[in-house]
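Below you'll find the structure, written out as structure tokens, and then a few comments.
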Amino acid sequence: MDTTSFALRHIGPSTSEQKAMLNTIGITSIEQLISETIPQGIRLKKDLDLKPAMSEQDYLAHIYELSQQNKVFKSYIGLGYHPSNLPAVIQRNILENPGWYTAYTPYQAEIAQGRLEALLNFQTMIIDLTGMEIANASLLDESTAAAEAMSLLYSVREREQKKANVTKFFVSDTVYPQTLSLLKTRAIPLDIELVVGDEKDFEFTKDYYGALLQYTSKTGDISDIKTFIAKANASNIKVAVAADILSLIKLEGPGHFGADVVVGTTQRFGIPMGYGGPHAAYFATKEKYKRDIPGRIIGVTKDTNGNRALRMALQTREQHIKRDKATSNICTAQVLLAVMAGMYAVYHGPNGLRFIADKVHNATITLAEKLKNLGLEQLNSNYFDTLKVKANAEKIRSIAESRHINFYYPEKDVVTVSINETTSISDLNEIITVFETYTTKSAEEITELKTDNSIIPNELKRTSEFLTYDVFNTYHSETELMRYIKRLERKDLALNHSMISLGSCTMKLNAASEMLPLSWGSLGNMHPFVPIEQAKGYTTLLKELENYLTEITGFAATSLQPNSGAQGEFAGLMVIRAYHEANGDKHRNICLIPSSAHGTNPASAVMAGMKVVVTKASEDGNIDVDDLREKAELHKDNLAALMVTYPSTHGVYESAIREITQIIHDCGGQVYMDGANMNAQVGLTNPGNIGADVCHLNLHKTFAIPHGGGGPGVGPICVAKQLVPFLPGNPIIKTGGDQAITAISAAPFGSALACVISYGYIKMLGAKGLKQSTEVAILNANYIKERLEGYYQTLYTGENGRAAHEMIIDCRPFKEHGIEVTDIAKRLMDYGFHAPTVSFPVAGTMMIEPTESENKAEMDRFCDAMISIRHEIDAAMKEDTANVLKNAPHTLDMITSDEWLLPYTRQKAAFPLDYVKENKFWPSVRRVDDAYGDRNLICSCAPIEDYIEA
């Protein structure tokens, strides 16, 4: 046993277990399995050209050395990113805890009540601070949230505005530059006309449907949003406000002034800057727009016994149902970061947050007075945390950087200084020293902060209460918060308890050695807009990661900017759009999408301004090539792209894939490959080899970034040579191609801190380990398929009867026993397992993906559970619903109750197989009532009794 081999630790089945599994399948080698599974014509002819695998110890030494090449200066740049203090109790018990970071999106609510409560706290925090009626469970970043606000307001235009084709959207010239860039990207396909200008000069005419204000501005000034919103409301113009979350402790929430949407980032609430992310953005609006809100909403409902329960609300908004009618392609959130930001508010409470906001504001006032004493002109008439100083920017920059300090320099004669939670009196004196050197004057040393005045206009000061619920006023000692976090964690089933075999989700190991560097200040404390020479470590790491992903996909270049899979889809399509326009083919706007595609595909295509044409599937679940050819020929003059997933969402390597891509190319289109199933390609084939032109990768699937309970995710795009010039750029840091499209995400490299995980994954596995991981992922799926043979029908297989890395089992025949696929999913909880993917891509089925990280014993336990459930199905009768499946899951309260009226035993309910006794997981609520929750939508901490009519 080679203890230096990371592959040995990452890959679940041992060599002897692999032999036993091959024997069960009925073959002699993994190579035989692969040759029977993947079409020979698309197999790679040589191994990936990657550096040799590192041991975990060598990798940690390497990444530490690399991180030390970053120059971590004191950052006063602002622009939506600020140093903050992450409480150690949150770092230790959430960020570094696999019970939180390895969980999946809480689709199975009964085993996710912990993070659902944590997200409800987050939503409540946002509702209170913004003054709005409803908030979602986070978005990807502030700029994306602002773009989603623009799109939502466009979608909910008044009937008369739609009839008159009102498409103008006003953007204050004080918004962050990265937000403006992203607004441009999102406005183009929708034909929204952005008008950027001074909000003081804005004329409220009927030509505008909406407006976006920055509160506070990019240079720190606090504009009179109250008056602007009142005039806009009177003119039927809806207003979105991008608001600094910490300033809302001192400033009144825009909702109280009549704003329609409020967005922003919660990075200031204890989240490391991480050279751009990940961070949890927020999105709050009016309840009347609840069915148009992007992302996910956590709502309160009741379970079978009538007890309070939580779950994701308004599921019908999900893209796999609305598809090309969806108002957004966002299918994820930043759950782990939202949980942390919410816990920051829980830990500090309203009084602690007031203390922090007052400290920041008072430090800013104190600094302003000292600068004035030096004879400098401070240009902001009012402010919260940012001063705008008239001075020679280049001279100040030279002095500041020599003292390891970064300011923001928006103009040649303007310097802005943004104060933050971490700024000490010593830091203020260091800042003063920079300006003393510049002016050759001296100021008196600061020994204490000014506390006797405020530079916030009275009409904008907060008067409303916030965070009055018990949860924000109870857990202020570390002991209490630690126990509260643990109580929530125990309600959730994550990978540290058992396998999560979600098809299309790739819930593999998130190794500790990949995760450890996330806590290092040399990586976490980097502002995304520092001069590039200060980020040498990150630059090397990210460039190397781009090169690795380019090699793995067989393409020419990679952009790491998209910070989710859905954003990767949108980015890929926008790059294709730009390519066609550069060739004079602006009319190419038809996107072919197979009927089996993930719902984000058509949603992304529509967002990119394309018209979706759906192609049929054949009886065996593959793309109907004849139908595809017919539609490609029909639309060849306007064909923009085909979106295809490979292996297919049915878990099959389609042998006609090269023929399919050639058909598209012959008709003038480009091929976009959805990288959701890349875990079945790495080292064996690749998108370039099958004829694709662009693909996005889910680094949170194939490349080991944890799902975090529903985010973060990273969705980079890899492109062929002809698309390289159009890779996305950034308005502050040079990225992308020579003809770069405008921004896809706020930060130039998206969620750079999360990319460290995938970098480590590739460095420690190397070419051999990556290939072996893919092989074992395919082996594990086929082993489960074989073990379930005779109990469940596998819906689709390849030409030789093999599955890819995942498989679909058909649960529809069980309806004759009165059993639905949902009943099986809930019953699996009693066996200690999270259900596989339910009813996607085919209703009434389950899609199982074990990944390479699960060993034979764990898969056997899962298969034993599924076989046992099949026997329970056979015993069920349609007319009798008092069976063990219909009543699943069974809670501890049920099992320990004095009353037991069910016709089966308590042991059968809670301990159906012997192994369950050794590691029992108790769902904390019975089956939740989704319909009740949607009829009575509650998205904050108020008790359910407040909403139930007598």
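In this chain, residues are counted from 1 in sequence order. Fair warning: this is a prediction, and the values are worked out from it, not measured in the lab. The figures here come from the full heavy-atom set of this structure, side chains too, leaving out hydrogens, waters and symmetry mates.
Note on Lys372 versus Glu369: no salt bridge recorded, every NZ/NE/NH1/NH2 to OD/OE distance being 4.0 Å or above. Salt bridge Asp244/Arg268: present, at least one basic N to carboxylate O contact under 4.0 Å. Salt-bridge annotation for Asp173 and Lys200: absent, with no side-chain N of the basic residue lying under 4.0 Å from a carboxylate O of the acidic one. Ion pairing between a basic and an acidic side chain is recognised when a charged N comes within 4.0 Å of a carboxylate O; Glu203 and Lys168 show no such pairing.
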Determine whether Met340 and Leu86 satisfy the following criterion, side-chain contact (heavy atoms from CB on, under 4.5 Å), listing intermediate values before the conclusion. CA-CA 9 Å; Met340 291 169 63; Leu86 169 58; 3.8 Å; yes
For the pair Ile732 and Gln178, evaluate side-chain contact (heavy atoms from CB on, under 4.5 Å) and give the outcome as yes or no after the intermediate values. CA-CA 8 Å; Ile732 299 174; Gln178 67 270 26; 4.2 Å; yes
Verdict with reasoning, Asp385 to Leu246, per side-chain contact (heavy atoms from CB on, under 4.5 Å): CA-CA 9 Å; Asp385 64 359; Leu246 189 62; 5.9 Å; no
For side-chain contact (heavy atoms from CB on, under 4.5 Å), just list the numbers for Tyr76 and Thr386, CA-CA rounded to whole Å, side-chain angles, deciding distance to a tenth of an Å, and then say yes or no. CA-CA 9 Å; Tyr76 307 103; Thr386 300; over 6 Å; no
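By the neighbour-count criterion of 12 heavy atoms within 6.0 Å, atom NZ of Lys226 is sparsely surrounded, having that number or fewer from other residues, nucleotides or ligands. Heavy-atom contacts from other residues, nucleotides or ligands closer than 6.0 Å to NZ of Lys74 number 12 or fewer. Heavy atoms from other residues, nucleotides or ligands lying under 6.0 Å from CG of Asp470 number 12 at most. Sparse packing is recorded around CD of Glu448, with 12 or fewer heavy atoms of other residues, nucleotides or ligands lying under 6.0 Å away.
The side-chain heavy atoms of Lys388 and Gln378, taken from C-beta on, include a pair separated by under 4.5 Å. Taking the side chain as every heavy atom from C-beta outward, Phe466 and Phe472 never approach each other to under 4.5 Å. For the pair Tyr383 and Thr364, the minimum side-chain heavy-atom distance is below 4.5 Å. Taking the side chain as every heavy atom from C-beta outward, Ser454 and Lys461 approach each other to under 4.5 Å.
Checked by atom type and distance alone, the side chain of Asn165 never pairs as donor or acceptor with a backbone atom of Gln161 at under 3.5 Å.
Between Phe749 and Tyr275, the angle of the ring planes stays under 30°, which puts this pair in the parallel group of the 30/60° scheme. Ring geometry, Phe407 versus Tyr409: the interplanar angle exceeds 60°, so the pair is classed perpendicular (tilted spans 30 to 60°). Using cut-offs of 30° and 60° for the angle between ring planes, the Phe202 and Tyr208 rings count as perpendicular.
To the nearest 0.5 Å, atom OG1 of residue Thr124 and atom CG of residue Leu467 are 8.5 Å apart. With values rounded to the nearest 0.5 angstrom, Met132 atom CE is found 8.5 Å from Tyr289 atom OH.
Aromatic rings from Phe169 and Tyr209 are positioned such that their centres are separated by under 6.0 Å. The distance between the ring centers of Phe204 and Phe228 falls below 6.0 angstrom.
For the residue pair Thr174 and Ser217, no side-chain donor N or O sits within less than 3.5 Å of a side-chain acceptor on the partner.
Applying the salt bridge (charged side-chain N to carboxylate O under 4.0 Å, His left out) rule to Glu158 yields the partners Lys238; only residues at least two apart in sequence or on another chain are considered.
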